[in-house]
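The model shown is predicted, which means the values in this text are computed figures rather than measured ones.
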Amino acid sequence: MHLTAWATLAAILVYAWTGYNAGKARVTYQVKAPSMDGPPGFQCCQRVQANTLEQLPLLLAPLWMCASFLGDAWAAGGGLLWCVGRIWYALAYYKDPATRTGGYMTSSLACMYLMVGSAAGLLIR
């Protein structure tokens, strides 16, 4: 399941990137910890990071179930689609939060694909 492992690493790197951006915004906008409130630029970076963290369990469990029950390439494809969606989501949110829908839908569809793939793999076994 090497491909799924690479997709997992990519997802963790996407999360780390959003965390870096949130930390950088904290410095840029001089928002001292533990405050979670600040100018809109900071809030956007903070929300992207928090939302990406919230989405990780919806990715990781079905990603590895899909790899186990359907196949490595199927799972890795869904995992990489999730990464593309989350990057799209983040870049759109940073620019204008109202434009984040395309990235959100892409990453959500990737999770649904992985859940359906997991169930299909379980049914055909």
Side-chain angles (χ1 to χ4, degrees):
M1 292 190 230
H2 285 84
L3 296 174
T4 302
W6 281 111
T8 301
L9 180 60
I12 298 301
L13 289 172
V14 168
Y15 174 64
W17 171 68
T18 66
Y20 170 80
N21 288 339
K24 185 175 156 187
R26 188 174 285 282
V27 171
T28 298
Y29 295 104
Q30 300 177 346
V31 177
K32 296 192 184 330
S35 180
M36 298 295 282
D37 193 26
F42 168 76
Q43 291 177 14
C44 287
C45 291
Q46 190 64 37
R47 278 307 309 146
V48 166
Q49 187 270 333
N51 189 262
T52 302
L53 177 61
E54 292 163 0
Q55 296 296 312
L56 275 174
L58 297 175
L59 167 72
L60 293 175
L63 175 69
W64 283 95
M65 287 190 300
C66 186
S68 295
F69 299 118
L70 191 61
D72 188 33
W74 290 98
L80 293 177
L81 181 61
W82 183 89
C83 291
V84 168
R86 293 314 297 179
I87 292 168
W88 179 8
Y89 170 87
L91 293 174
Y93 205 121
Y94 297 150
K95 187 175 180 180
D96 177 7
T99 65
R100 71 193 187 280
T101 305
Y104 176 79
M105 291 303 296
T106 300
S107 58
S108 294
L109 288 172
C111 289
M112 289 301 298
Y113 161 85
L114 291 167
M115 287 183 233
V116 169
S118 297
L122 282 166
L123 289 171
I124 62 175
R125 283 199 153 209

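- A 4.5 Å side-chain heavy-atom check between Val31 and Pro39 finds at least one atom pair inside the cut-off.
- Nearest heavy-atom pair across Ala73 and Leu3 is CA-CD1, 4.0 Å.
- The distance from atom CE of Met115 to atom CG of Leu63, rounded to the nearest 0.5 Å, is 11.5 Å.
- Between the CG atom in Leu122 and the CG atom in Leu70 there is a gap of 9.5 Å [rounded to 0.5 Å].
- Residue pairs satisfying the salt bridge (charged side-chain N to carboxylate O under 4.0 Å, His left out) criterion with at least one member in residues 56-83, sequence neighbours excluded, are absent.
- Across Ala7 and Cys83, no two heavy atoms sit closer than the pair O-SG, 4.3 Å.
- Tyr113 is connected to Ile124 through a chain of hydrophobic side-chain contacts under 4.5 Å among Ile, Leu, Val, Met, Phe, Trp and Tyr, so both are in one cluster.
- Follow the hydrophobic side-chain contacts under 4.5 Å out from Leu56 and you never reach Val14; the two are in separate clusters.
- For the atom pair Ser35 OG and Tyr29 OH, the distance stands at 14.5 Å (nearest 0.5 Å).
- Thr52 is linked by a side chain to side chain contact (heavy atoms under 4.5 Å, CB included) to Tyr15, Thr18, Val48, Trp82, Arg86, counting only residues two or more places apart in sequence or in another chain.
- Sequence neighbours left out, the pairs with a member in residues 90-100 that pass side chain to side chain donor-acceptor pair (under 3.5 Å) are Asn21-Tyr94.
- Rounding to the nearest 0.5 angstrom, the gap separating the CG atom in Leu58 from the CG atom in Leu114 is 10.5 Å.
- The other residues sharing a hydrophobic cluster with Leu13 are Trp6, Leu9, where clustering joins ILVMFWY side chains under 4.5 Å apart.
- Contact record, Ala67 with Thr4: CB-OG1, 3.3 Å, taken as the closest heavy-atom pair.
- Across Ala10 and Leu80, no two heavy atoms sit closer than the pair CB-CD2, 4.2 Å.
- Cys44 and Pro97 make their closest contact through SG-CG, 3.6 Å (heavy atoms, listed as atom of the first residue, atom of the second, distance).
- Interatomic distance, SG of Cys45 versus NZ of Lys24, reported as 8.5 Å (0.5 Å rounding).
- Distance check, rounded to the nearest 0.5 Å: CE of Met105 to OG of Ser108 gives 6.0 Å.
- For the residue pair Met65 and Ser118, the shortest heavy atom distance occurs at CB-OG, 3.4 Å.
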| message | Quick one, Met1 with Ser68, criterion side chain to side chain contact (heavy atoms under 4.5 Å, CB included). Give me CA distance, side-chain angles, the key distance, then yes/no. | response | CA-CA 8 Å; Met1 292 190 230; Ser68 295; 3.9 Å; yes

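- Enclosure of atom CD in Gln30 is not indicated, since only 12 or fewer non-hydrogen atoms of other residues, nucleotides or ligands lie within 6.0 angstrom.
- Sorted by first then second residue, the ring-ring contact (aromatic ring centres under 6.0 Å, His included) pairs that include residues 37-75, not counting sequence neighbours, number zero.
- Listed by first and then second residue, the side chain to side chain donor-acceptor pair (under 3.5 Å) pairs that reach into residues 39-48 are Asp37-Gln43, sequence neighbours excluded.
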